[in-house]
Chemist: 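Shown below is the structure under consideration.
What you see below is based on every heavy atom in this structure, not just the backbone, and it leaves out hydrogens, waters and symmetry mates. Please read all numbers here as calculations on a predicted model, not as lab measurements. One-based numbering, in listed order, for ligands and for the atoms of each.
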Amino acid sequence: LADRLQNTIQKIRGKGKVTESDVKEMMREVRLALLEADVNFKVVKEFVKKVSERSVGQEVMKSLTPGQQVIKVVKEELTELMGGEQSQIAVSKRPPTVIMMAGLQGAGKTTTTGKLANLLRKKYNRSPMLVAADIYRPAAIKQLETLGKQLNMPVFSLGDQVSPVEIVRQALEQAKENHNDYVLVDTAGRLHIDGELMNELKEIKDLANPDEIFLVVDSMTGQDAVNVAQSFNEQLEITGVILTKLDGDTRGGAALSIRSVTQKPIKFVGMGEKLDALEPFHPERMASRILGMGDMLTLIEKAQASVDEEKARELEKKMRTMSFTFDDFLDQLGQVRKMGPLEDIIKMLPGANRMKGLDNLQVDEKKIGHVEAIIKSMTKAEKENPEIINAGRKKRIARGSGTNVQEVNRLLKQFEEMKKMMKQMTNMQQKGKKKGFKF
Ligand code: GDP
Ligand code: MG
């Protein structure tokens, strides 16, 4: 989606208002992308209509291009479509609270049962019991028991010769006796949905009357995930969805489709195989992910909030007339720093999450401090005419700022380069204006 949109954005840059044809063009891309992401046709239609209505004729925010403005609306509506943040879990008035896990084989039910139990204890201080009700998959009981051991939590099991319904019945009695306030039932899955599986799940449901029925869905399965969600919901009336394997490289289309088809909230997402890799679902983050732009919008919003409009205009004028001085440079540094630590800003850039070694990245805040100190040690004349800074002056500045001559030299050189770059940019801008776009 991102690539397609970027192209269209390029085309409609630099206008003061979003026109109907801008929006039409962008919506064509959005529509295609959403359909490709398995979103229901009707939902797409409605979505596009809503976004179009909101976008046309809007004044473009100073810091955004019309393209970005439309994307912002798209993102807000996507977020809305995926529902609010709903990571809370039901609590029964008469404990234990029963949570039933359902889903196809390999979706991540057993793993997620462990993760959820872990979360319930860690975050809510609960004492869950796990129930091994998958008697078909050879290693399923063992798998849950291993998880229980790792978590140091009780696992109720009667082997694979007792029916799942009977297992659950006895488990509930045991939980009451042992004062476990949550009972998490790990059920069997199948490779495909079949009547036998559904009947068994319904029997468990009728007996245990669960407070939550979570459908566990593998987010990598795309269109299938949507069909699975639809039929589980129809037959079992799920209360929420847990999307697993979101750490794999999916674009998150499943989240959107599942939510719109079932109208049930996505409560958690699985982000890895470890027991602490379960996170609340953040619709907004998912919207960004679907749009494939990192936290670009947050970044734009941040920039907008912290950069002083007036100053930005002044700066632009200075760049044009080439009267940009060290004072302006200092000012600009201040503006950038207002946005927060540089590391955070860089991490929000699109593609940054895919960049290797970013974890080790540490923008040297100290160096920026030095730069500031050096500039502050310059006289007014020096700041306005750096050419006059000779060897003697360099020594004085270095002493005054607690740095050394090399650092002063480096900054002077960087400043020269920057001015050169600005000159190029202004030239380009002048040419661009003739062609009808601006920066
Ligand atoms: P079940 O058949 O539905 O019980 O699925 P399992 O819990 O046995 O999980 C199947 C496989 O998916 C296992 O190898 C899990 O480690 C893996 N898995 C489950 N959730 C996630 C997740 O969020 N991320 C990743 N990467 N793997 C997961
Ligand atoms: Mg399992």
Chemist: So is Gly270 polar-close to ligand 1, meaning N/O to N/O under 3.5 Å?
Modeler: yes
Chemist: Side chain, backbone, both or neither: which part of Lys115 comes within less than 4.0 Å of ligand 1 when only heavy atoms are counted?
Modeler: side chain
Chemist: Go through Glu200 and Tyr136 one step at a time and tell me if the side-chain hydrogen bond (donor to acceptor under 3.5 Å, both in side chains) criterion holds.
Modeler: CA-CA 12 Å; Glu200 183 181 304; Tyr136 306 103; 2.5 Å; yes
Chemist: In this structure, does ligand 1 have an atom that sits under 4.0 Å from one of the heavy atoms of Gly189?
Modeler: no
Chemist: Phe415 ring centre to Arg410 NZ or CZ under 6.0 Å, with the angle to the axis within 45°?
Modeler: no
Chemist: Say whether Gly272 and ligand 1 are in contact under the criterion: heavy-atom distance to a ligand atom below 4.0 Å.
Modeler: yes
Chemist: Return the residue, atom name and 0.1 Å-rounded distance of the protein heavy atom closest to atom 6 (P) of ligand 1.
Modeler: Thr111 OG1, 3.4 Å
Chemist: Once rounded to the nearest 0.5 Å, what's the spacing between atom CD of Gln161 and atom CD1 of Ile135?
Modeler: 7.5 Å
Chemist: So which protein heavy atom does atom 24 (N) of ligand 1 come closest to, and at what separation?
Modeler: Asp247 OD1, 2.9 Å
Chemist: Have a look around the Mg ion (ligand 2) and list protein N/O/S atoms under 2.8 Å, or say none.
Modeler: Thr110 OG1
Chemist: CZ of Arg126 to CG of Leu184: how many Å apart, nearest 0.5 Å?
Modeler: 12.5 Å
Chemist: Where's the contact between Asp134 and ligand 1, heavy-atom distance under 4.0 Å: side chain, backbone, both or neither?
Modeler: neither
Chemist: Side chain of Lys115, backbone of Thr110: donor and acceptor closer than 3.5 Å?
Modeler: no
Chemist: Have a look at ligand 1 and work out which part of Arg137, if any, has a heavy atom under 4.0 Å from it: side chain, backbone, both or neither.
Modeler: side chain
Chemist: Mind checking the CG-CD spacing from Leu246 to Glu279? Nearest 0.5 Å is all I need.
Modeler: 9.0 Å
Chemist: If I compare all heavy atoms of Arg259 with all of Leu81, which pair ends up nearest, and what's the gap?
Modeler: CG-O, 3.3 Å
Chemist: Among protein heavy atoms, which sits nearest to atom 8 (O) of ligand 1, and what does the distance come to when rounded to 0.1 Å?
Modeler: Gln143 NE2, 3.0 Å
Chemist: May I have the step-by-step check of salt bridge (charged side-chain N to carboxylate O under 4.0 Å, His left out) for Lys49 and Glu46, ending in yes or no?
Modeler: CA-CA 5 Å; Lys49 192 169 154 237; Glu46 208 152 286; over 6 Å; no
Chemist: So which of Lys245, Glu273, Lys274 gets nearest to atom 11 (C) of ligand 1, if we judge by its closest heavy atom?
Modeler: Lys245
Chemist: Drop me the distance from Ile213's CD1 to Thr187's OG1, to the nearest 0.5 angstrom.
Modeler: 10.0 Å
Chemist: Step through the shown structure and confirm whether more than 12 heavy atoms of other residues, nucleotides or ligands are within 6.0 Å of CG on Asn125.
Modeler: no
Chemist: Would the number of heavy atoms belonging to other residues, nucleotides or ligands and lying under 6.0 Å from CD of Glu80 be above 12?
Modeler: no
Chemist: Considering only non-hydrogen protein atoms, determine which one is nearest to atom 10 (C) of ligand 1 and report residue, atom name and distance to 0.1 Å.
Modeler: Gly106 O, 3.7 Å
Chemist: For a 4.5 angstrom cut-off between non-hydrogen side-chain atoms, does Leu151 reach Arg121?
Modeler: yes
Chemist: Under a 4.0 angstrom heavy-atom cut-off, which atoms of ligand 1 come close to Leu104?
Modeler: 3 (O)
Chemist: Which ligand 1 atoms does Met271 reach within 4.0 Å, using its non-hydrogen atoms?
Modeler: 23 (O)
Chemist: Tell me which protein heavy atom sits closest to atom 5 (O) of ligand 1, plus the residue, atom name and distance to 0.1 Å.
Modeler: Gly108 N, 3.0 Å
Chemist: At what distance, to the nearest 0.5 angstrom, does OG of Ser231 lie from CG of Leu104?
Modeler: 8.0 Å
